[in-house]
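The basis for the numbers below is simple: all heavy atoms, side chains too, and nothing from hydrogens, waters or symmetry mates. Computed from a predicted model, the values in this text were never measured in an experiment.
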Amino acid sequence: MLALLLGTALHAQQAAVEQPLGPVAEQIRERIEQWRAAHADGAATLAPSDAVAAFYEQNRFAPAWTQAGNLDQLLAALRDMAGDGLDPEDYALTELQRRRTVLADPQATAQQRAQFDLLATDACFAALLHLYRGKVDPATLDTHWNFDPRQLDQARGLQAVHEALAQGTIGALFARARPQHPQYGQLRTALAKLREVAAQGGWPLIADGTTLKPGSRDARVPALRRRLQRVGHAVGDGVDDRYDPALEAALKQFQREQYLAADGHLGKATLAALNVPVAARIEQLRANLERARWLLHQLQGRFVVVDIAGYQVTYYRDGKPVWSSRVQVGKPYRSTPVFKSAITYLTLNPTWTVPPTILKNDILPKLRKNPGYLAANRLRVLDSQGRELAPSSVNWASPRGVVLRQDAGPGNSLGRLVIRFPNDYAVYMHDTPHQELFANQQRTYSSGCIRVERPRELAELLLDDPVQWNRAGIDRAIDTLQTQTVMLPKPVPLLLAYWTVDLREDGRVGFRPDVYRRDLPLLAALARPRVSPWLPAAAVAPAPAQP
C-alpha cells in the first residue's frame with residue numbers, strides 16, 4: 001500500500017511539472033529566455049533585471065500581477081517614490097497606468113499581458129532595490145568610496161516579493177525596504193513640507209539693501225516675516241515694517257540652521273541664504289535622501305561619525321549619540337575625504353612630520369622669505385635616514401630628500417593628542433592650538449585632517465578604561481610631554497560622511513553650505529533616467545536627433 005501511495009504521489013508531481021504553460025506564461029518564458037541569451041556572458045546579470053528573470057523561472061513563468069489589489073498597491077507605492085526624492089517615471093509609472101487595462105480587456109493578447117506583467121515586476125524590483133540601497137552607485141562619484149553597501153540576499157528578496165503578492169502586502173514590503181532609521185523619516189517629512197511650500201508659490205524674495213538691524217524700520221520687513229513664517233519660524237504678531245524682537249529671534253534661529261553667524265542682522269550672507277529658491281532646497285533634500293540610503297544602515301553599535309559639512313564629530317553607543325564636539329575640516333581645495341575606517345590607536349604628545357604637499361605649498365614659500373621660520377616653529381630638518389641636518393646646509397630653492405618634523409609639546413600643529421585610523425590619505429583626527437577657530441560657524445581650515453575641539457573627552461570614550469585611562473590618567477600622561485602610543489583594546493568603527501542638511505532635535509531641518517560641491521554631481525546622477533529592459537521597444541522614446 002505504501003509503495004502504491006508513493007507511486008501515486010510521484011506520478012501527480014511529475015504531471016504537475018509536465019503540465020504545459022498557459023499562453024501568458026509562454027510569452028513570459030520566451031522573453032526571459034531572450035534576455036538570458038542576450039546576457040549569456042554574465043556581464044549584466046545584476047539586480048533588478050536578473051532578479052526579474054529568476055523570479056519568473058522559480059514560479060514556472062506564471063504571471064504575477066493578476067490581482068487588482070496588488071497592482072493598486074504597486075502603483076501607489078511607485079507614486080510614493082517621489083516622497084523619497086526619486087522619480088516614479090524611473091519605474092515606468094505612466095506606462096504601467098496606461099497599460100493596466102489589459103488585465104480586464106478580454107481582447108488583450110497573451111503577449112500584451114506578458115509585457116505588462118514583466119514591466120510591473122521590473123518596476124517592483126527596481127524600486128525596492130533603490131529604496132534599500134540607493135539608485136546611484138556612490139563609487140561612480142567617488143573612486144575611493146569604501147563603505148560596505150547594504151547587504152542584499154537575492155533569494156530572500158525573491159521570496160519576500162512572492163509572499164507579498166500572495167498575502168496582498170506589497171505596500172508594506174515597500175515600507176520595509178526603506179531605511180528604518182528615524183533620520184530617514186525626518187528627511188521625507190522635510191521634503192513633503194517643502195513641496196507644499198513650492199505648491200503654494202514658494203517663498204518671497206527679499207530685496208537687497210543695507211544691513212537690517214533689530215529695532216530699525218525697513219520696507220523689507222514684511223517680506224522677511226512672510227519668508228520665515230513659510231518655513232515654520234515663530235515670527236510673532238507684527239504687521240508693520242518694524243524689525244521687532246520676535247522677528248529677530250526667528251532670524252537668529254534661521255541663521256543657526258544655515259550655519260551663519262547668529263547676530264540677528266540681515267546682511268549679505270543671510271540675505272543670500274533666505275533667497276535660495278525653494279526648488280534648490282528640495283534638491284538638497286533629495287541628494288541627502290540618497291546619501292541616507294547609502295549610509296544609514298552603517299549606524300549600528302559603537303562607532304564614531306565625522307560629519308564633514310556639519311563640522312562635527314559624534315560618538316555613538318548602541319547606535320545612539322552620547323557625545324559630540326565641533327571640528328575643523330579641510331579647505332575646499334584640500335577637502336577631507338569621505339571613507340570608512342576603524343580607530344586603532346592614539347598618540348599622546350605627537351611629533352608632526354610635515355606632509356609633502358604642505359611642505360611644498362605652505363612652508364617653503366614662508367621659509368624662503370624668512371630663514372628664521374624653522375626655529376620659530378620648532379621644525380627640525382631630517383634627511384631620508386632620519387638624521388638631523390643644519391638648515392643652512394639645504395638648498396631651499398630646490399630641496400631634495402629632506403623631511404621637516406615639529407617637536408612634540410604645546411604649539412605643535414597636532415596639539416597634544418592624535419586619534420589614528422588606517423587610510424590612504426594620511427588623514428587623522430587631532431588636537432589643535434587653533435582653538436579660536438572653533439567659534440566660527442563654517443570651519444574649513446585644515447589641510448584635510450580633522451581638528452577636534454575636545455579630543456581628550458573622545459579619547460576617554462575610545463579607550464573605555466575607567467581605571468588606567470580615565471580623564472585624569474590621560475591628562476597625567478600628556479603632562480609628561482613624552483610621546484606615547486596607546487592602543488585601543490578594540491578598534492572602533494569610524495565613518496567620515498558628508499551631509500548638506502542638518503536634522504535637529506526639535507525636528508527642524510537646517511541647510512548647510514555645500515562646501516565641497518558634491519550635491520550637483522549626485523543630483524545629476526539621480527536625474528539620469530532609468531529605462532526598463534522589459535519595456536517594449538515601441539514604448540521607449542527615440543533619442544533626440546543630433547545637431
Side-chain angles (χ1 to χ4, degrees), residues 81-90 130-131 133-147 149 179 183-184 186-188 190-195 197-198 202-203 205 231 257-260 268-296 305-312 329-340 425 441-446 448 495-503 509-531 544:
M81 297 292 284
D84 297 274
L86 296 166
D87 184 359
E89 290 309 312
D90 279 336
H130 291 174
L131 289 177
R133 61 196 295 182
K135 174 186 174 181
V136 178
D137 180 358
T140 62
L141 302 176
D142 182 352
T143 56
H144 299 288
W145 182 268
N146 72 340
F147 288 88
Q183 289 187 353
Y184 193 79
Q186 283 183 262
L187 288 168
R188 274 179 55 93
L191 179 61
K193 287 181 178 179
L194 277 194
R195 282 182 167 155
V197 172
W203 45 58
L205 291 179
V231 290
E257 291 177 357
Q258 310 301 316
Y259 285 65
L260 299 167
K268 290 190 178 299
T270 300
L271 180 67
L274 286 164
N275 283 340
V276 171
V278 64
R281 294 308 193 196
I282 287 172
E283 291 297 277
Q284 206 165 337
L285 283 169
R286 291 183 62 236
N288 286 276
L289 276 160
E290 181 72 355
R291 291 187 179 109
R293 291 185 285 270
W294 296 340
L295 293 176
L296 286 184
V305 173
V306 174
D307 184 351
I308 297 171
Y311 312 110
Q312 182 170 274
V329 299
K331 302 177 182 72
Y333 59 92
R334 292 182 188 169
S335 60
T336 298
V338 172
F339 64 92
K340 180 180 181 181
Y425 314 97
Q441 291 295 315
Q442 298 181 32
R443 299 185 289 275
T444 51
Y445 298 119
S446 81
L495 290 74
L496 277 71
Y498 188 86
W499 303 91
T500 55
V501 296
D502 186 11
L503 301 176
V509 174
F511 293 93
R512 302 163 174 171
D514 182 13
V515 291
Y516 295 163
R517 300 186 181 278
R518 291 180 175 172
D519 279 356
L520 287 179
L522 172 52
L523 288 166
L526 275 175
R528 294 188 189 106
R530 175 188 179 272
V531 178

[X]: side-chain hydrogen bond (donor to acceptor under 3.5 Å, both in side chains) partners, not counting sequence neighbours:
{"X": "Tyr516", "answer": "none"}
{"X": "Thr336", "answer": "none"}
{"X": "Gln183", "answer": "none"}
{"X": "Arg195", "answer": "none"}

Exercise for review: Check the pair Leu503, Val509 against side chain to side chain contact (heavy atoms under 4.5 Å, CB included), reporting the backbone distance first and the verdict last.
Suggested key: CA-CA 5 Å; Leu503 301 176; Val509 174; 3.6 Å; yes
Applying side-chain contact (heavy atoms from CB on, under 4.5 Å), name anything that partners [X], two or more places apart in sequence or on another chain.
{"X": "Asp502", "result": "Tyr259, Arg504, Arg512"}
{"X": "Lys331", "result": "Tyr333, Ser447"}
{"X": "Ala272", "result": "none"}
{"X": "Leu141", "result": "Val136, Trp294, Pro521, Leu522, Ala525"}

**Study point:** Residue pair Asn275, Trp203: steps toward the side chain to side chain contact (heavy atoms under 4.5 Å, CB included) verdict
**Key:** CA-CA 8 Å; Asn275 283 340; Trp203 45 58; over 6 Å; no
Exercise for review: Quick one: list whatever passes salt bridge (Lys or Arg N to Asp or Glu O under 4.0 Å) with Arg133, sequence neighbours left out.
Suggested key: none
Exercise for review: Identify, with sequence neighbours excluded, every residue that meets ring pair (Phe, Tyr, Trp, His ring centres under 6.0 Å) alongside Trp499.
Suggested key: none
Point to revise | Residues in ring pair (Phe, Tyr, Trp, His ring centres under 6.0 Å) contact with Tyr445, at least two apart in sequence or another chain | key: none
Calculate, to the nearest 0.5 Å, the distance between atoms [atom1] and [atom2] belonging to [X] and [Y] respectively.
{"X": "Leu86", "Y": "Lys135", "atom1": "CG", "atom2": "NZ", "value": "7.5 Å"}
{"X": "Phe147", "Y": "Leu295", "atom1": "CZ", "atom2": "CG", "value": "5.5 Å"}
{"X": "Leu496", "Y": "Ile308", "atom1": "CG", "atom2": "CD1", "value": "5.0 Å"}
{"X": "Leu289", "Y": "Leu131", "atom1": "CG", "atom2": "CG", "value": "10.5 Å"}

Contact summary for [X] and [Y], nearest pair of heavy atoms:
{"X": "Leu191", "Y": "Ala82", "value": "CD2-O, 3.7 Å"}
{"X": "Val278", "Y": "Leu194", "value": "CG2-O, 3.7 Å"}
{"X": "Ser335", "Y": "Arg518", "value": "OG-NH2, 3.8 Å"}
{"X": "Pro513", "Y": "Ala309", "value": "O-CB, 4.5 Å"}
{"X": "Val515", "Y": "Tyr498", "value": "N-OH, 3.1 Å"}
{"X": "Ala198", "Y": "Ile282", "value": "CB-CD1, 4.0 Å"}

Flag, side chain of [X] to backbone of [Y], donor-acceptor distance under 3.5 Å:
{"X": "Asp87", "Y": "Glu89", "result": "yes"}
{"X": "Asn288", "Y": "Thr500", "result": "yes"}
{"X": "Ser446", "Y": "Gly448", "result": "yes"}
{"X": "Asn146", "Y": "Lys340", "result": "yes"}

Review point. Just wondering, do Gln312 and Val305 contact through their side chains at under 4.5 Å, heavy atoms?
Key: no
Check your understanding: Do the side chains of Trp145 and Thr140 get nearer than 4.5 Å, heavy atoms only?
Key -> no
Check your understanding: Which residue pairs pass the salt bridge (charged side-chain N to carboxylate O under 4.0 Å, His left out) test when at least one of the two sits in residues 275-291, sequence neighbours left out?
Key -> Glu283-Arg286, Glu290-Arg293, Arg291-Asp519
**Study point:** Worked check of side chain to side chain contact (heavy atoms under 4.5 Å, CB included) between Val329 and Arg443
**Key:** CA-CA 6 Å; Val329 299; Arg443 299 185 289 275; 6.0 Å; no
Point to revise | Residues Leu523, Gln284; criterion side chain to side chain contact (heavy atoms under 4.5 Å, CB included); working and verdict | key: CA-CA 8 Å; Leu523 288 166; Gln284 206 165 337; over 6 Å; no
